[in-house]
Amino acid sequence: MKEVINSNWSTGSTSADIVIGLMLITAVMILCVAILMLKVIKFYVKESVNPTPFATPEEKERRRLEQEALQVIKDKKPSIWTKLMQLKPLEEEKNMVMEHKFDGIAELNNPTPAWFMILFYGTIIFAIGYLLTYDVLGFGKSQEEEYIAEIEQAAESKVAFLANPANVKNAVNENNMEQSKDEAVIKNGASLFANRCTPCHGEHAEGLVGPNLTDEYWLHGGKAKDVFKTIKYGVPEKGMIAWEKSLSAQQISDLTNYVLSLQGTKPAGAKAPQGNKE
């Protein structure tokens, strides 16, 4: 029989689990009722031995005033910010008035907060350390020395950048620009010109709002460096934008070579010459 019972428990019969659960709930409820009854009995015994008299209206009013006074004290409790900054509320000002007065103005005994004094003396210590490090002992670099060091570092970085073959093409600028007649360069420049320059200079650079780019006359110089500079920085006062923000140095170089390759093409409807002949 024992084996049969153990077998039922081990198999986890659903009915048995429900019965056990109900028994546990019932036990908890009985325990709660017992605790409640115990409190009732203790209260009854206490009131039987020392009965509490009913409060009169005067006593109720006194208790109400006491509760309001406690609430006021609670509301005046300093905030965390006030504690951190060591601020004194205005209500305490009358307690800080000193005997010394001048011209009707009273002096308050309100010392500087500790955090401010720590910060103040900290700046003095830092200043002394800074003076010794940079101006007396010479352990650190002055601003001028740091500037020179950064310039030298930038020059070294520039040399290293130009030493990389992948960066040589992007290193071209208005100071080292040289004209190229390479067909691939001209073709790439023609593509850039068609997408960006034709609205002002015409499909064949004959000139529309902008000047004719196929003749010998130039408003801002016709040398390779001049054309590169004009494309790169634009001519804002005449409406030409600076292409350096949207084109790479190599793209500006290709565009420059294409513009120079247009010399003498004499397209139909060419605009009258502008600028100086070069």
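What you see below is based on every heavy atom in this structure, not just the backbone, and it leaves out hydrogens, waters and symmetry mates.
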Run the salt-bridge test on [X] and [Y] with the 4.0 Å N-O cut-off and return the result as yes or no.
X      : Y      : value
Arg64  : Glu61  : yes
Glu178 : Lys225 : yes
Glu146 : Lys141 : no

When you measure from the side chain of [X] to the backbone N and O of [Y], does any donor-acceptor pair fall under 3.5 Å?
X      : Y      : answer
Asp182 : Ala184 : yes
Thr133 : Tyr130 : no
Glu144 : Ser142 : no
Asn173 : Asn176 : yes

Approximate separation, where rounding is to 0.5 Å, of [X] [atom1] and [Y] [atom2]:
X      : Y      : atom1 : atom2 : answer
Leu119 : Met117 : CG    : CE    : 10.5 Å
Asn110 : Asn95  : CG    : CG    : 12.0 Å
Cys197 : Met240 : SG    : CE    : 6.5 Å
Leu247 : Arg196 : CG    : CZ    : 5.0 Å
Asn276 : Trp218 : CG    : CH2   : 12.5 Å
Asp17  : Leu22  : CG    : CG    : 11.0 Å

Under 6.0 Å from the [atom1] atom of [X], do we count more than 12 heavy atoms belonging to anything else shown?
X      : atom1 : value
Met23  : CE    : no
Ile80  : CD1   : no
Glu278 : CD    : yes
Glu99  : CD    : no
Lys232 : NZ    : yes
Gln263 : CD    : yes
Glu66  : CD    : yes

Mind listing the closest non-hydrogen atom pair of [X] and [Y] along with its distance?
X      : Y      : result
Val185 : Ser180 : CG2-OG, 4.3 Å
Pro111 : Asn109 : CD-O, 3.4 Å
Ala249 : Phe228 : O-CE1, 3.7 Å
Val97  : Ala106 : CG1-CB, 3.9 Å
Gly189 : Leu255 : O-CD1, 3.5 Å

Let me check something: do [X] and [Y] share a hydrophobic cluster, defined by ILVMFWY side-chain heavy atoms less than 4.5 Å apart, either directly or through other members?
X      : Y      : result
Val172 : Tyr233 : no
Tyr121 : Phe116 : yes
Trp243 : Leu192 : yes
Tyr134 : Tyr147 : no
Met177 : Ile186 : yes

Between Arg62 and Glu58, is a salt bridge (charged side-chain N to carboxylate O under 4.0 Å, His left out) present by the stated rule, with each step listed? CA-CA 6 Å; Arg62 180 175 57 80; Glu58 292 76 12; over 6 Å; no
Are any of the side-chain heavy atoms of [X] and [Y] separated by less than 4.5 Å?
X      : Y      : result
Leu65  : Glu68  : yes
Lys238 : His220 : yes
Gln250 : Asn188 : no

Applying side chain to side chain contact (heavy atoms under 4.5 Å, CB included), name anything that partners Val33, two or more places apart in sequence or on another chain. Met37
Looking at residues at least two apart in the chain, or sitting in another chain, which of them share a side chain to side chain contact (heavy atoms under 4.5 Å, CB included) with Thr214? Ala205, Asn212, Leu262, Thr265, Pro267
Non-neighbouring partners of Tyr258 that pass ring-ring contact (aromatic ring centres under 6.0 Å, His included), sequence neighbours left out: Phe193
